[in-house]
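Below is one structure; the comments refer to it alone.
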Amino acid sequence: MTTPRCFACNKVLGDYPKLVDTRDDQTVFVGNKCYVLIRRAGDAGYQPPKGGPRLFLLSKEPTR
């Protein structure tokens with residue numbers, strides 16, 4: 001069995017992977033560190049340094 005890896009950086013996923021959108025009818029899992037970068041990128045999306053499609057949040061996070 002293979003170890004699940006982050007779609008953006010290819011590192012091993014931690015205990016709480018996050019689901020994000022590629023905007024081409026695909027959702028993928030990323031690790032917590034990459035998820036923070038995707039959140040910071042906002043509506044422009046995050047372009048992983050190793051290539052691949054831009055990554056976007058699935059929906060707005062609820063605010064407290």
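These numbers were taken from a predicted model, which means no experiment stands behind them. The residues of the chain are indexed from 1 along the displayed sequence.
By the 4.5 Å heavy-atom criterion applied to side chains, Thr27 and Leu58 are counted as neighbours. Contact annotation: the side chain of Asn32 approaches that of Lys18 to within less than 4.5 Å [non-hydrogen atoms, C-beta and beyond].
Residues Tyr46 and Val28 fall within the same hydrophobic cluster, defined by Ile, Leu, Val, Met, Phe, Trp and Tyr side chains chained together at heavy-atom separations under 4.5 Å. Val30 and Tyr16 fall into different hydrophobic clusters, where Ile, Leu, Val, Met, Phe, Trp and Tyr side chains are chained together by heavy-atom contacts under 4.5 Å.
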Working for side-chain contact (heavy atoms from CB on, under 4.5 Å), residues Val20 and Phe56: CA-CA 6 Å; Val20 297; Phe56 302 87; over 6 Å; no

Carefully, step by step, assess Leu57 and Asp21 under the rule side-chain contact (heavy atoms from CB on, under 4.5 Å). CA-CA 6 Å; Leu57 296 177; Asp21 185 19; over 6 Å; no

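Looking at every heavy atom in both residues, Ala8 comes nearest to Pro48 through O-CB, 3.6 Å. Among all heavy-atom pairs drawn from Leu13 and Arg5, the shortest one is CG-C, 3.6 Å.
In this structure, CD1 in Ile38 is found 10.0 Å from CZ in Phe7, a value given to the nearest 0.5 Å. A distance of 6.5 Å separates CG in Asn10 from NZ in Lys50, rounded to the nearest 0.5 Å.
For the pair Gln47 (side chain) and Leu55 (backbone), a donor-acceptor distance under 3.5 Å is absent.
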